Amino acid sequence: MALLKKTRKAEEVDRSNLPRHIAIIMDGNGRWAKKRGMPRTAGHAAGAETFRRVATYCKDIGLEYLTVYAFSTENWKRPPEEVAAIMGLLEKYLGEAIEKMERDGIRLRFFGDTSVLSDKLLSLIHETDEITAHLGKTFQTNVCLNYGGRDEIVRAARKWAERVKAGEEGALDEEIFSSLLDSAGVPDPELLIRPGGEMRISNFLMWQSAYSELVFTDTLWPDFGPKDIDAAILEYQKRNRRFGGL
Ligand code: IPE
Ligand code: IPE
Ligand code: MG
């Protein structure tokens with residue numbers, strides 16, 4: 001009995017040693033819907049609900065940052081009906097999130113090239129930025145929309161080239177380059193989780209994940225929840241992070 005108790009205790013998340021920043025590739029919506037004989041878009045709607053639940057949990061346990069991959073630069077290859085459905089859901093959820101973020105003190109930021117999104121999404125993003133600007137330091141969610149890790153790096157390189165052209169002096173280093181990325185000012189994620197069973201990065205946070213601990217799980221994103229976050233944190237807490245040292 002005593003032994004059993006001890007084992008169980010060892011499996012609990014250490015709340016005093018949480019990552020500051022978790023990043024998630026929200027994958028598996030389509031397969032979740034297919035398994036239930038529903039259209040893929042129903043999976044995206046369920047996935048949006050999961051996002052809400054998971055973000056609230058991350059805030060409640062005291063994380064500082066959550067970054068989620070919502071739409072990649074490659075996702076435009078999907079049928080136009082599916083892309084339109086995803087964009088519609090984003091408009092709906094962003095509209096609702098804006099109402100709540102001020103009340104709940106949740107900062108919302110966007111990573112990715114948002115310039116090509118619909119006028120409605122652009123104005124929602126603008127509105128969000130204005131609210132976020134006057135919110136104090138609290139929990140921050142970064143939503144990656146039309147985001148690609150390579151695209152982000154190329155856009156940062158272009159910004160640097162512009163500065164040099166404008167006469168800026170001094171050498172480029174990692175710190176300066178980081179400050180030109182969408183994630184400027186946000187610490188790198190210590191933990192990167194991919195639900196949905198695939199074991200790849202799919203162009204997510206190429207620069208920022210250099211030393212992230214990766215956790216892959218078969219759970220499809222709409223089925224994901226607080227228990228899965230805890231399981232991933234537990235796994236993270238068992239890792240020996242060496243950063244190239246000994
Ligand atoms: C992730 O779920 C959501 C987006 C990429 C927008 P998927 O739509 O990729 O679902 P699966 O991987 O096909 O099951
Ligand atoms: C990654 O999932 C992108 C998002 C979750 C937004 P995908 O389903 O697009 O990735 P692949 O095609 O399996 O690599
Ligand atoms: Mg997928």
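Ligands are counted one by one from 1 in listed order, and the atoms in each one are counted from 1 as well. What you see is a predicted model; the values in this text were computed from it and never measured. Starting from 1, each residue takes its place in the sequence as its number.
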Does at least one non-hydrogen atom of [X] fall below 4.0 angstrom from an atom of ligand 1?
X	value
Arg40	yes
Arg78	yes
Gly28	yes

Counting non-hydrogen protein atoms only, what is the nearest one to [atom]? Give residue, atom name and distance.
atom	result
atom 1 (C) of ligand 1	Met26 O, 3.0 Å
atom 14 (O) of ligand 2	Ser202 OG, 2.6 Å
atom 13 (O) of ligand 2	Arg200 NH2, 2.8 Å

| task | With heavy atoms of Phe71 as the reference, note each atom of ligand 2 found under 4.0 Å away. | result | 6 (C)
| query | Is a salt bridge present between Arg20 and Glu190, judged by a nitrogen-to-oxygen distance below 4.0 Å? | reply | no
| Taking 4.0 angstrom as the limit, do Asp230 and Arg15 come out as a salt bridge? | yes
| task | Closest by any non-hydrogen atom to atom 6 (C) of ligand 2: pick that one out of Trp221, Tyr147, Tyr69, Phe204. | result | Tyr69
| Is there a donor-acceptor contact under 3.5 Å from the side chain of Tyr57 to the main chain of Arg52? | no
| query | Any side-chain donor-acceptor pair under 3.5 Å between Trp207 and Asp188? | reply | no
| message | Can a side-chain donor-acceptor contact be found between His21 and Gln208 if the only test is distance below 3.5 angstrom? | response | no
| Hey, is there an N, O or S on Glu198 sitting under 2.8 Å from the Mg ion (ligand 3)? | no
| Purely on distance, is any nitrogen or oxygen of Asn75 under 3.5 Å from one on ligand 2? | yes
| query | Centres of the Trp221 and Phe51 rings: under 6.0 Å? | reply | no
| field | Residue part near ligand 2, for Ala70, under 4.0 Å between non-hydrogen atoms | value | backbone
| field | Under 4.0 Å to a heavy atom of Ile86 - the qualifying atoms of ligand 1, by number | value | 6 (C)
| note | Quick note on ligand 1: atoms under 4.0 Å from a heavy atom of Arg31 include exactly 11 (P), 12 (O), 14 (O)
| field | His134, NE2 atom: more than 12 neighbouring heavy atoms under 6.0 Å | value | yes
| query | Between Arg36 and Trp32, is NZ or CZ placed under 6.0 angstrom from the six-membered ring centre and within 45° of the ring axis? | reply | yes
| said: Using a plain distance cutoff, I'd like to know if Asn29 has any nitrogen or oxygen under 3.5 Å from a nitrogen or oxygen of ligand 1. | reply: yes
| query | Would you say Gly30 has any N or O atom under 3.5 Å from an N or O of ligand 1, going by distance alone? | reply | yes
| request: State the atom name: nearest N, O or S atom of Asp27 to the Mg ion (ligand 3). | output: OD1
| query | For the atom pair CD1 (Ile24) and CD1 (Ile193), what is the distance rounded to the nearest 0.5 Å? | reply | 4.5 Å
| message | Once you measure the plane-to-plane angle for Tyr147 and Phe111, does it fall in the parallel (<30°), tilted (30-60°) or perpendicular (>60°) bin? | response | tilted
